[in-house]
Asker: 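Quick one: the structure is below, questions incoming.
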Amino acid sequence: MHAVGDRAARAGLDAVESVRASNGQSGLRHEIGHTAFVHADDHPRFKLLGMVADMSPRLWFPNPVTPGQVKVLGPVRTQRCHQIKSLMLAGAELTYGSDWPAAAADANPWVGLAGMISRRNPFGLFPGFVGEAEAIRIEEALPLFTTQAARSMGLENVTGRLKAGMSADFIRLAKPLNGQSAEEIAKTKVLETYFEGRCVYGMSLA
Ligand SMILES: [Zn+2]
């Protein structure tokens, strides 16, 4: 399900809580997409209910939508957008959301990753921060794209890690991400993409 406001997120959590009470634990990992605003009281409920918060990347830093958010929500509540670190500290499982080309020109995940670790606009187009205290470290951010994304789809034994017996799905970059600034990360270009051990994008295809 998809929820942007804190009331909608609470309705989603309530719905799963109610179904779990009547039907028991099905093993499904229900997911709330966007989770832009989640009331602090609801942060621990993701862990309690085994639910996943799927975060929408293009709003993690000042962007064309931010002035509108400030108008409607006020400056203080706007800064509470996408509390990734708070949710993480409350034990919530998080993934990187892909339901967002509707609000952005492209689906470039590197821009989202840059925003996750800096909460600044990686191109310097809009000043300031969105939720500066919610920035996380790169080593905390990458699992949202890999192991946790796989888990949210029930594929944790298939993909998301490089390990014998797992699907060899990986990308090759020119240099390691660690040590790069958010602005450099936003400009990352993938050299090659491998799926099930086969190059599906890049120079080895030629
Ligand atoms: Zn949506």
Asker: Take atom CZ of R172 as the centre, draw a 6.0 Å sphere, and report whether it contains more than 12 heavy atoms from other residues, nucleotides or ligands.
Answerer: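 More than 12 heavy atoms, drawn from other residues, nucleotides or ligands, come within 6.0 Å of this atom.
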Asker: Not counting sequence neighbours, list each pair that qualifies as a side-chain hydrogen bond (donor to acceptor under 3.5 Å, both in side chains) and has a residue in residues 173-182.
Answerer: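 Listed by first then second residue: S181-E184.
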Asker: What is the distance from atom CE of M51 to atom CG of L13, rounded to the nearest 0.5 Å?
Answerer: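 If I round to the nearest 0.5 Å, the distance is 5.0 Å.
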Asker: Between the side chains of E156 and R161, is the shortest nitrogen-to-carboxylate-oxygen separation below 4.0 Å, so that they form an ion pair?
Answerer: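 No, no charged N to carboxylate O under 4.0 Å.
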Asker: N63 side chain to F61 main-chain N or O, any donor-acceptor pair under 3.5 Å?
Answerer: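 Yes, because the side chain of N63 sits within donor-acceptor range (under 3.5 Å) of the backbone of F61.
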Asker: Rounded to the nearest 0.5 Å, what separates atom CH2 in W60 from atom CE in M55?
Answerer: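 Between W60 CH2 and M55 CE, I get 7.0 Å after rounding to 0.5 Å.
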Asker: Is there a side-chain contact between L162 and F170 (heavy atoms, below 4.5 Å)?
Answerer: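 A side-chain contact exists here, since the closest heavy-atom pair is under 4.5 Å.
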Asker: Please list, chain by chain and in numerical order, all residues satisfying side chain to side chain donor-acceptor pair (under 3.5 Å) with E139, sequence neighbours excluded.
Answerer: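 Here the qualifying residues are R137.
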Asker: Ignoring hydrogens and angles, state whether a donor on the side chain of S86 or E134 is under 3.5 Å from an acceptor on the partner side chain.
Answerer: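 There is such a pair between these side chains.
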Asker: What are the two closest heavy atoms between V52 and T95, and how far apart are they?
Answerer: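 Smallest interatomic distance, heavy atoms only, reads CG1-CG2, 3.7 Å.
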Asker: Measuring from D42:CG to R7:CZ, what's the distance to the nearest 0.5 Å?
Answerer: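 Here the interatomic distance stands at 9.5 Å.
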Asker: Tell me the closest heavy-atom pair linking R120 and A182, and the distance in Å.
Answerer: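 Result for this residue pair: NH2-CB, 4.4 Å.
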Asker: Is the closest basic N to carboxylate O distance between E17 and R10 below 4.0 Å?
Answerer: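 Judged by the 4.0 Å cut-off on N to carboxylate O distance, E17 and R10 do not form a salt bridge.
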Asker: Without swapping roles, check the side chain of S18 against the backbone of D14 for a donor-acceptor pair under 3.5 Å.
Answerer: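 The answer is no, because no donor-acceptor pair under 3.5 Å joins these two groups.
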Asker: Roughly how far, to the nearest 0.5 Å, is CG of L177 from CD1 of I138?
Answerer: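 Here the interatomic distance stands at 5.0 Å.
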Asker: Can you measure from CG (D169) to OG1 (T193) and round to the nearest 0.5 angstrom?
Answerer: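 D169 atom CG to T193 atom OG1 measures 10.5 Å (nearest 0.5 Å).
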Asker: Flag the pair K85 / R119 as yes when at least one side-chain heavy-atom distance between them is below 4.5 Å, and no otherwise.
Answerer: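 No, too far: nothing below the 4.5 Å cut-off.
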Asker: So for atom CD, which belongs to E132, do other residues, nucleotides or ligands contribute more than 12 heavy atoms lying within a distance under 6.0 Å?
Answerer: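 No, because the 6.0 Å sphere around CD of E132 holds 12 heavy atoms or fewer from other groups.
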Asker: Ignoring hydrogens and angles, tell me if any N or O in the side chain of R29 forms a donor-acceptor pair with the backbone of R151 under 3.5 Å.
Answerer: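 Yes, because the side chain of R29 sits within donor-acceptor range (under 3.5 Å) of the backbone of R151.
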Asker: Apply side chain to side chain donor-acceptor pair (under 3.5 Å) to T78 and list each qualifying residue two or more places apart in sequence or on a separate chain.
Answerer: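 Not a single residue meets the side chain to side chain donor-acceptor pair (under 3.5 Å) criterion with T78.
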